[in-house]
Structures are given as structure tokens and as C-alpha cells.
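A quick write-up on the structure given underneath.
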Amino acid sequence: MAATISYDAVEVGTELPAQSFPVTRDTLVRYAGASGDFNPIHWNEKFAKEVGLPDVIAHGMFTMAAAIRVVTDWVGDPAAVIDYGTKFTKPVVVPNDDKGATVEVSAKVAAKLDDEARTVRVDLVAMSDGQKVLGMARAVVKLA
């Protein structure tokens with residue numbers, strides 16, 4: 001695979017297509033199995049509440065991975081993301097119902113970093129239940 005977005009066609013301020021990612025308890029169980037992270041705050045409501053959380057919460061790394069999909073889907077190649085970091089600001093609370101939670105992600109090109117390397121910085125905003133769940137979410141992406 002190779003990036004399908006041309007560096008020359010992108011301007012600072014270019015908005016990437018926003019996406020919404022549903023998160024249910026089933027999602028969390030599957031992620032726990034895949035990641036090996038079986039911390040009970042991610043699947044045991046009683047335990048989560050006993051430690052002061054409002055309910056079961058999504059894994060931070062799951063939230064981070066969902067958010068970067070906006071970038072990888074846009075650029076067309078996951079390997080084009082050469083750096084990615086964020087701070088976890090609020091948990092994604094996942095109620096035990098048929099709806100769960102939703103992580104809504106938007107992103108835009110914040111800077112053109114290097115004409116020769118054809119890299120840009122993309123800033124992401126991830127929200128759930130009206131609250132920002134990732135802070136300073138930024139990716140450096142190598143474009144075509």
C-alpha cells in the first residue's frame with residue numbers, strides 16, 4: 001500500500017472526513033481478548049463503580065486506535081502514519097444497553113511539516129457524550 005493523498009493537493013486546514021465509532025460492551029470484551037487487557041474496569045460494572053468510575057469504560061488504547069482510523073482511512077495506508085500520540089482526557093463510558101457509546105472523531109491538517117519528506121501534521125478531536133476524550137491527539141503522516 002501507499003498513501004493515496006498527494007502532499008501537493010493538501011492545504012493547512014484541509015478537513016478529513018469525520019467518522020463515528022460505536023462502542024458496546026461486546027466491543028470491549030472482544031478488544032480485551034485481542035489485547036490481553038482484562039482489567040475489570042473495562043467489563044465489570046460493579047468493580048468499575050467501586051473504584052469511582054461512573055460505569056464500565058472503554059480501553060484508552062481502543063479509543064486511540066479508533067480515532068486514528070479517520071487518518072488511515074483518509075490517507076489510504078496505515079503505514080503512512082509515522083508518529084501518533086495523545087493524552088487521555090476523559091473516559092468513554094459504555095453503558096450496559098443495546099446502544100453503548102459512540103466516539104465521534106474529526107480531524108484536519110494542521111501543518112505542512114516538510115516539503116521534501118512530504119509530511120503533514122494532522123490534529124484529531126475525539127468526543128464521546130459531549131466530552132473530549134482525547135487531548136492533543138496528533139499524527140504525522142507521510143503523503144504521496
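All values below come from the heavy atoms of this structure, side chains included, with hydrogens, waters and symmetry mates left out. All residue numbers refer to positions in the sequence shown, counting from 1. Treat the numbers as computed from the prediction; the structure is a model and nothing was measured.
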(request) Please lay out, stage by stage, how Trp74 and Val10 fare under the test side-chain contact (heavy atoms from CB on, under 4.5 Å). (result) CA-CA 12 Å; Trp74 170 72; Val10 172; 4.0 Å; yes
(request) Evaluate the side-chain contact (heavy atoms from CB on, under 4.5 Å) criterion for residues Leu134 and Leu124: first the C-alpha distance (whole Å), next the side-chain angles of each, then the deciding distance (0.1 Å), finally the verdict. (result) CA-CA 8 Å; Leu134 297 177; Leu124 299 93; over 6 Å; no
(request) Applying side-chain contact (heavy atoms from CB on, under 4.5 Å), run through Glu11 and Val109 and close with a yes or a no. (result) CA-CA 7 Å; Glu11 299 296 330; Val109 175; over 6 Å; no
(request) For side-chain contact (heavy atoms from CB on, under 4.5 Å), just list the numbers for Val56 and Asn96, CA-CA rounded to whole Å, side-chain angles, deciding distance to a tenth of an Å, and then say yes or no. (result) CA-CA 8 Å; Val56 165; Asn96 190 19; over 6 Å; no
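Between Ala3 and Ala144, the shortest heavy-atom distance links the atoms O-CB, 3.4 Å. When every heavy atom of Val93 is checked against every heavy atom of Pro54, the shortest pair comes out as CG2-CG, 3.6 Å. Here the shortest heavy-atom pairing between Ala126 and Val103 reads CB-CG1, 4.3 Å. Nearest heavy atoms, Val94 versus Gly100: CG1-CA, 4.3 Å. Summarising the geometry of Thr63 relative to Ala58, their closest heavy-atom pair is OG1-CB, 4.0 Å, with the distance given to 0.1 Å. Heavy atoms only, all atoms of each residue included: Met1 and Gly76 are closest at SD-O, 3.6 Å.
Proximity of a side-chain donor or acceptor of Asp129 to a complementary backbone N or O of Gln131 within less than 3.5 Å is not detected. A distance-only check finds no donor-acceptor pair linking the side chain of Trp43 to the backbone of Leu28 [under 3.5 Å]. Formation of a donor-acceptor pair under 3.5 Å by the Thr102 side chain with backbone atoms of Phe21 is not found in this model.
Atom CG of Leu143 sits about 8.0 Å away from atom NZ of Lys112, to the nearest 0.5 Å. One finds the CG atom of Asp83 at 11.5 Å from the CZ atom of Arg121 (value rounded to the nearest 0.5 Å). Residue Met127 holds its CE atom at 9.0 Å from OG1 of Thr89, rounded to the nearest 0.5 Å. Summarising the geometry, atom CG belonging to Asp55 is positioned 4.0 Å from atom CD belonging to Glu45; distances are rounded to the nearest 0.5 Å. We find the NZ-OG1 distance between Lys99 and Thr24 to be 13.5 Å, quoted to the nearest 0.5 Å.
When the side-chain contact (heavy atoms from CB on, under 4.5 Å) test is applied to Thr119, the partners found at least two apart in sequence or on another chain are Ile82, Leu113, Asp114, Ala117, Val140, Lys142. In this view, Tyr7 satisfies the ring-ring contact (aromatic ring centres under 6.0 Å, His included) rule with no residue, not counting sequence neighbours. Here Arg118 pairs with Asp8 under the salt bridge (charged side-chain N to carboxylate O under 4.0 Å, His left out) rule; sequence neighbours left out.
For the pair Thr27/Phe62, a side-chain contact is recorded, criterion being any heavy-atom separation below 4.5 Å from C-beta on.
The cluster map of Ile, Leu, Val, Met, Phe, Trp and Tyr, joined by side-chain heavy atoms under 4.5 Å apart, puts Tyr84 and Val141 in the same cluster. A continuous path of Ile, Leu, Val, Met, Phe, Trp and Tyr side chains, each step under 4.5 Å between heavy atoms, connects Leu16 with Val133, placing both in one hydrophobic cluster. Residues Val71 and Met64 share a single hydrophobic cluster, defined by chaining ILVMFWY side chains whose heavy atoms lie under 4.5 Å apart. Under the 4.5 Å side-chain heavy-atom criterion for Ile, Leu, Val, Met, Phe, Trp and Tyr, Val92 and Ile57 are members of distinct hydrophobic clusters. The hydrophobic cluster containing Leu53 does not contain Tyr31, counting ILVMFWY residues as joined when their side-chain heavy atoms lie under 4.5 angstrom apart, directly or transitively.
Taking the six-membered ring where the residue is Trp, His42 and His59 present parallel rings, their angle staying beneath 30° rather than reaching 60°.
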